[in-house]
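Here is the structure we will look at, set down as structure tokens.
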4 protein chains.
Amino acid sequence: MSPRNVEKDMQMREARIEHILTSALETIAKLGIDSANIKDIAREAGLSVGNVYNYFKSKDDIFSEVLLRGQISYGKAISGFAGLDMDPREKLYEISQGWLSTKSNWAFTIMLQSIRTNQSVNPEIKEAATRRFTENLRPLADIMRQGQTKGVIVGGDPQQLAFYYVSLIQGLTLQLAPGYEIPVHIEPENIVRLFMTPASTAAETGFFAVKRDHKLLYKKMFDMT
Amino acid sequence: MSPRNVEKDMQMREARIEHILTSALETIAKLGIDSANIKDIAREAGLSVGNVYNYFKSKDDIFSEVLLRGQISYGKAISGFAGLDMDPREKLYEISQGWLSTKSNWAFTIMLQSIRTNQSVNPEIKEAATRRFTENLRPLADIMRQGQTKGVIVGGDPQQLAFYYVSLIQGLTLQLAPGYEIPVHIEPENIVRLFMTPASTAAETGFFAVKRDHKLLYKKMFDMT
Amino acid sequence: MSPRNVEKDMQMREARIEHILTSALETIAKLGIDSANIKDIAREAGLSVGNVYNYFKSKDDIFSEVLLRGQISYGKAISGFAGLDMDPREKLYEISQGWLSTKSNWAFTIMLQSIRTNQSVNPEIKEAATRRFTENLRPLADIMRQGQTKGVIVGGDPQQLAFYYVSLIQGLTLQLAPGYEIPVHIEPENIVRLFMTPASTAAETGFFAVKRDHKLLYKKMFDMT
Amino acid sequence: MSPRNVEKDMQMREARIEHILTSALETIAKLGIDSANIKDIAREAGLSVGNVYNYFKSKDDIFSEVLLRGQISYGKAISGFAGLDMDPREKLYEISQGWLSTKSNWAFTIMLQSIRTNQSVNPEIKEAATRRFTENLRPLADIMRQGQTKGVIVGGDPQQLAFYYVSLIQGLTLQLAPGYEIPVHIEPENIVRLFMTPASTAAETGFFAVKRDHKLLYKKMFDMT
DNA sequence: CATGAATGAGCTTTCATTCAT
DNA sequence: AATGAATGAAAGCTCATTCAT
């Protein structure tokens, strides 16, 4: 019937969607979420403005989809770490290191805040974004609990600890936004140490010195899709 | 005509400026930084749109002035704490408690990020905001150092610790943005404990139970302008 | 306080609103309802596009307001006729003559239809327009009833007769749309005769020949606001 | 290749064209003439957008073709009635009843008006639509004349009477547009009575009570293509 | 200083039409 | 013929900023 390969079309379409989302994220990372408009995103993607609307029904749709995929991807990565047989301290280290070294992550953080606090955004989208954020705390709380069981992570409500950890990471992420850097070093091992028990900290001799291709592991987790 | 009148005029003008800035902050807190426009701010201030422009030359001007004054005020408050003769842990507790309990503080955090990452904002303004942020780390680092000297705060570069602390507080502040709350408790004493030494944590028996009108103290510091 | 005359401002504002509505009607009459856009209306009114939005919140708002005022005005005129002490046949004649001789009335008829049948229009607006149309049938039915009582108007449900009469007038109105005229004369007295009883028609000798400044009377009724 | 195939192709093509036109009319009837776009029409027809352009060169082309065929079909039906050996009153009754009971006829009326009043439509198309409308008055005038000869239809210029009759029917048709109904009954016999002579009306005892499958006859006339 | 009407650039979105496959 | 992705010209609307009063 159709002179075109339907299956290939579908694949192309999915690839385009992916491409637009990537371009949107990059545009936000470059221009800031306020200045990033459809024209810029389309240009970044190498498409016409009108064509973008063949794949997404609105700008909000694009933005919330970018955030959605980021949150899902992040959630899977953290869940992956939670399920690994590895020192919980090391898990936190890997997560911190991986997240902070990925250039455009601050854009995700900004988007999450923007979507949650912007009055003109559809309430359902806001609610969904908040809910996914909350859900993503769970695997992190699991890691905290694992650490507490082993006596290497400080006591207290694991979910609250997870919340502090995530807030700290997000806060730091924002400081890493391009343009004007803050002249203070960020060292993942020091971040983790804040959550470690006295004994654990004392005993730890060169724990973090272990060589490992961190990025690879983190990336691997992210690709556990 | 008389010098008295001129002076009084100046005071009136300064009061107006203050009032507009307050209204701007409240509007942002209410509507989000994207939706807050001049008309809204003018309405909140009870002024006409045109009249607002008699006091500020642009919207960006208002926003960066709001941020500027917030940063200065915050800096003074922290410096005030740094100079006090008080247990450093208590200082951190007071600061955490005070900051997190002030409703519209998340708006400052959003503004700082918005100004720093928005491409259309004047680079000088961005640079200034970043610089002031960095400067405000110093008194906090002083408090950290005081704690380290007394052996109650964990070791490491005090400025880095201050940076982590501020990032954590800012990250938490964002989660407190109105609309959709995250169902996790935030307890200032637990935040401070993350930065305390083993010994300090162990010895601390009911340390934070001391009754005090925290808000009053924090407010007092903030009003040291 | 205000250096401007507030009352005068209000009057100006009302005049502007009126002016925009008139311009909108004229634009529709000139270009057709499909082609009439805000830019055209603004140009016709001698205003900038943006300024139009200081008086109306949307294009639909303008259109439905035009229709609303037209319907109200029409309703008042018909009610006025219904209350007059005058031969009902003459009332119908006046109404027919007056309505058909007003140039832009076809635009009202088109608008009513457009608003009622356009899926993208707010349902409340559609409902309101339909309701007002129905309400405006009543005074016309009163006139029919008056005629029936005097034995000069044919029998049957007065409201149904009114509905037929209005539909006929509206149908004719549409044929009068500018551009390409239909080469058939429209004679108000013949229209009225369709609704007259045999006796009434027979007895009528030169009834409609009576000289009168019809337009004046009709206009007068319209201005009974 | 063979002549047979060419002929069959032509038939297929004509069937497609017919199908698209029907789909266009249904889409307009469903969504209103403003909202009906090519994508909707193509979907209704079960074709791709691009393929529709293999049969029509523009949207206006489709619309004016829908109207053209409707007008031709209507003209043939009326001419058919004019040529029948039947009471003229009955002819009018059949026409009224048939036209008003066909669901999507209001769409034709709207289209006629839209095309005639829309400035962006090709003038030739507008002129043609108006001309055909005028031509279609003739057979109706013939029916009026037949009635006048028999003394059952009121006097006056037959063409003018036909014009009134058509306007009335069109006016009523618009009121029948879906969405918000006007709560007034429409009774075809009452419509016809408006055009009947006193004697005719008096003598008529149960004239319209004659049972007949009206729709069938009307349909039959319409299919005289 | 005070007002809010006025401007116009810029944004998001729609859609008839074209075109590579 | 058949497809739907691609285009680009508009449309509606918003809003920071200016300006006559």
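Chain identifiers are assigned alphabetically (A, B, ...) following the order of the sequence lines, protein sequences preceding nucleic acid strands; residue numbering begins at 1 within each chain.
The side chain of D:N51 contributes an N or O atom lying less than 4.0 Å from OP1 or OP2 of F:dT3. Put simply, C:Y53 has no side-chain N or O that comes within less than 4.0 Å of OP1 or OP2 on F:dC15. Within the structure, every side-chain polar atom (N or O) of C:R13 is placed at least 4.0 Å from both OP1 and OP2 of E:dG4. Within the structure, a side-chain polar atom (N or O) of D:N37 is placed less than 4.0 Å from OP1 or OP2 of E:dC15.
D:E44 pairs with exactly one of D:K30, D:K39, D:H19 by the side-chain hydrogen bond (donor to acceptor under 3.5 Å, both in side chains) rule, that one being D:K30. Paired with D:Y55 under the rule side chain to side chain contact (heavy atoms under 4.5 Å, CB included), one option of D:L21, D:I62, D:I17 passes, and it is D:I17.
For B:S48, taking side-chain heavy atoms from C-beta onward, the closest of the listed nucleotides E:dT17, E:dT13, E:dA2 is E:dA2. Taking the side chain of A:K59 as heavy atoms from C-beta on, and the options F:dA2, E:dT12, F:dC13, the nearest nucleotide is E:dT12. Listed nucleotides E:dA2, F:dA5, F:dA2 differ in distance to B:R16; the shortest reach to its side chain belongs to E:dA2.
Heavy-atom nearest nucleotides on DNA chain F were determined for A:G46 and for D:G50, and the one closer to the 5' end corresponds to D:G50. Nucleotides of DNA chain E nearest to A:K57 and C:L47 differ in position, and the one nearer the 5' end is that of C:L47. Nearest-nucleotide positions on DNA chain E place B:V52 closer to the 5' end than the other of B:V52 and A:D60.
Residue C:R43 contributes atom CZ, which lies 13 Å from atom P of E:dG8 at whole-angstrom precision. To the nearest angstrom, C1' of F:dG12 lies 13 Å from CG of C:D40. Rounded to whole angstrom, the span from the CE atom of C:M10 across to the P atom of E:dG4 amounts to 10 Å. Rounded to whole angstrom, the span from the NZ atom of D:K39 across to the P atom of E:dA16 amounts to 10 Å. When the P atom of F:dG4 is taken as reference, atom OH of A:Y55 falls 12 Å away, rounded to whole Å. In this structure, CG of A:N54 is placed 13 Å from P of E:dA16, rounded to the nearest angstrom. E:dT12 atom C1' lies 13 Å from atom CG of A:D61, rounded to whole Å. Atom-to-atom, CZ of D:F56 to P of E:dA16 comes out at 15 Å; the value is rounded to the nearest Å.
No hydrogens or angles considered: a donor-acceptor pair under 3.5 Å links the side chains of B:S120 and B:N118.
Both distances falling under 3.5 Å, in either a Watson-Crick or a G-U wobble arrangement, place E:dT21 opposite F:dA2. Shown here, F:dT14 forms a base pair with E:dA9; the pair counts as Watson-Crick or G-U wobble because both key distances fall under 3.5 Å.
C:K59 NZ: more than 12 foreign heavy atoms inside a 6.0 Å radius.
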CA sep, side-chain torsions, deciding dist, call: C:E65, C:R69, salt bridge (Lys or Arg N to Asp or Glu O under 4.0 Å): CA-CA 6 Å; C:E65 191 69 20; C:R69 301 211 175 190; 3.2 Å; yes

